[in-house]
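Below is one structure; the comments refer to it alone.
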There are 2 protein chains.
Amino acid sequence: CPRPSPPTSPSSATATAPPSAPWTCAAARPAPRIDFMLQSSLHCKVPNGAIDITSLFINLNASTDAPHFVMEFIQGSPTSMVVLLDLLPRKDLALHPEYIEKYYGNTEADKQRKIIEELPQARPYLSPSLFVRSAFSPTAVFFTIDCGQGGESVLEEIVHGHLASVVKGLLQIWLGTCAGDTSEVDEGEREIMVKRDRTVRSKSIEVDLTANLPRMFGPDVSGRVIAEIRKAFGVEEA
Amino acid sequence: CPRPSPPTSPSSATATAPPSAPWTCAAARPAPRIDFMLQSSLHCKVPNGAIDITSLFINLNASTDAPHFVMEFIQGSPTSMVVLLDLLPRKDLALHPEYIEKYYGNTEADKQRKIIEELPQARPYLSPSLFVRSAFSPTAVFFTIDCGQGGESVLEEIVHGHLASVVKGLLQIWLGTCAGDTSEVDEGEREIMVKRDRTVRSKSIEVDLTANLPRMFGPDVSGRVIAEIRKAFGVEEA
């Protein structure tokens, strides 16, 4: 789900982006458990307006099996947006109920999801990709918020109110329980987890970037951006 | 999700139930890949009416990793019901995109889900159990169908029309692609799958039967029924 900053819109590049790359892929490690962060904002003019996509993906390394942090807002009009927030699982949940309990049950992550669910403007968003549907957690905040005609200010209020509160709530859970996780990962489990992480990143690029970027920014720019993201993700093509 | 036939309501026991047990747990194997089938109908009087739960669970054995078949209808009033239909996955989908492709993508199972989704009376049903949410496939038909006051005949029409068609469609996919699957399972993968199957069955009993049966039929009857189901499921308590 992470997307690169818009190669054709330098104005929307993030403040922390190095001058050589319009997207942010910070190798700096704020904590030993963090592998990398990808932060991006994408702006694309379309015939009847613009699409703005803001993403933050914080990836933990293989010293822990705690979930990654994923945040994405896709705004296709001034009155509606798709929201995606999750603590992205790194283990097979049906095989590991204790993992569900630890990261999603005990943390009460579902309470955050319910705050958005209860908004009259929100309805569940179902990804067209069966893989994306399978990769997210059972408490993923996955909604379309549609405020209808003339609802610009209502959307602004929701973003600054409910949505900001939920993002902070989930980030707090992630910082406390995931980034700060100190449990050890068994060697055999680590091998499966590393493969799983790589599969999820690789499929994300395929269903998200490869499928969408070329028609937004043309094949050349998209090709270069995707190649760099692949390197950062450690999923380079043979 | 499978539930036993109602120990207190012999009239609603299924026709194929042996006299010694009010629920059906057929050891007869219609095909070498089928491990067992659990078919049940549960009827429970409540202060303002009755709850009727009809379930069919067809479990494949460990010679294949193809999905199990799950069907459940929970009718709490003459005008509404919860529908659950799925080809229950037996592998970690995020680690195995080819499994998603084979059983859910290529079979176009999502088209069946969409038939129910498009009904104006249907809205997505989200299980309160995070485990149940995690165990089902990305094309699971998981909806509440609510036809509102006076909607008895509308519900009947939906059940005999759209719903019957979707059940037949999914069963046809399952019979062709899952029950008829001839691919071999790798020894290492089989071990994980057997453990996964057992975890899913064990958790299903916990969140579904242990949590609900005692307050419907009392602790004694429920205890005996659950003990038998545990035996059939191969998840007896220590």
Side-chain angles (χ1 to χ4, degrees), chain A residues 67-68 87-111 113-114 117 122-143 188-189 191-204 206-207, chain B residues 67-68 87-111 113-114 117 122-143 188-189 191-204 206-207:
Chain A
H68 304 308
L87 311 179
L88 194 71
R90 299 170 75 192
K91 290 181 91 160
D92 180 7
L93 300 181
L95 183 60
H96 297 284
E98 78 290 349
Y99 190 90
I100 300 178
E101 205 52 30
K102 179 175 180 182
Y103 293 112
Y104 306 98
N106 296 345
T107 61
E108 299 191 322
D110 209 41
K111 280 192 178 170
R113 191 194 58 77
K114 280 183 184 156
E117 185 185 40
R123 58 172 203 276
Y125 175 79
L126 198 68
S127 168
S129 157
L130 301 185
F131 185 84
V132 169
R133 292 186 205 169
S134 307
F136 286 93
S137 87
T139 66
V141 182
F142 225 155
F143 290 97
E189 302 243 306
E191 202 179 312
I192 296 173
M193 185 187 72
V194 168
K195 194 178 160 197
R196 192 182 197 277
D197 270 4
R198 197 177 294 129
T199 306
V200 171
R201 289 201 297 270
S202 179
K203 283 295 291 186
S204 303
E206 183 190 318
V207 302
Chain B
H68 304 308
L87 311 180
L88 193 71
R90 300 170 75 191
K91 290 181 93 160
D92 179 8
L93 300 181
L95 182 61
H96 296 285
E98 78 289 350
Y99 190 91
I100 300 178
E101 204 52 32
K102 178 174 180 182
Y103 293 113
Y104 305 99
N106 295 344
T107 60
E108 300 191 321
D110 210 40
K111 281 193 179 169
R113 193 194 57 77
K114 280 182 183 157
E117 186 184 39
R123 59 173 200 277
Y125 174 79
L126 198 68
S127 169
S129 159
L130 301 184
F131 185 86
V132 169
R133 293 186 204 167
S134 306
F136 286 93
S137 87
T139 65
V141 182
F142 225 156
F143 290 96
E189 304 243 305
E191 203 179 311
I192 297 173
M193 184 186 74
V194 167
K195 195 179 159 197
R196 194 184 195 278
D197 270 4
R198 198 177 294 129
T199 306
V200 171
R201 289 198 299 268
S202 180
K203 285 293 294 185
S204 304
E206 183 190 317
V207 302

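These values consider heavy atoms only, across backbone and side chains, with no hydrogens, waters or symmetry-generated copies.
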So, taking the atom named CD1 in B:Ile192 and the one named CD1 in A:Ile192, what distance separates them when rounded to the nearest 0.5 Å?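 Spacing of CD1 (B:Ile192) from CD1 (A:Ile192) equals 4.5 Å.
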
Non-hydrogen atoms of chain B under 4.5 Å away: do they reach the side chain of [X], the backbone, both or neither?
| X | value |
| --- | --- |
| A:Asp197 | neither |
| A:Lys203 | side chain |
| A:Arg90 | neither |
| A:Leu126 | side chain |

Which heavy atom of B:Ala135 sits nearest a heavy atom of A:Ala94, and at what distance?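 Closest approach of B:Ala135 to A:Ala94, heavy atoms only: CA-CB, 4.4 Å.
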
Taking every heavy atom of A:Ile100 against every heavy atom of B:Phe131, the minimum-distance pair comes out as CD1-CD1, 3.7 Å

Answer key: most heavy-atom pairs under 4.5 Å with chain B among A:Leu93, A:Leu95, A:Thr199 is A:Leu95

If you measure from the Lys or Arg side-chain nitrogens to the Asp or Glu carboxylate oxygens, is any gap between A:Arg133 and B:Asp110 under 4.0 Å? yes

Heavy-atom distances under 4.5 Å only: say whether B:Glu101 touches chain A with side chain, backbone, both or neither.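 Contact with chain A involves no heavy atom of B:Glu101 at all.
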
Would you find more than 12 non-hydrogen atoms of other residues, nucleotides or ligands less than 6.0 Å from B:Glu191 atom CD? no

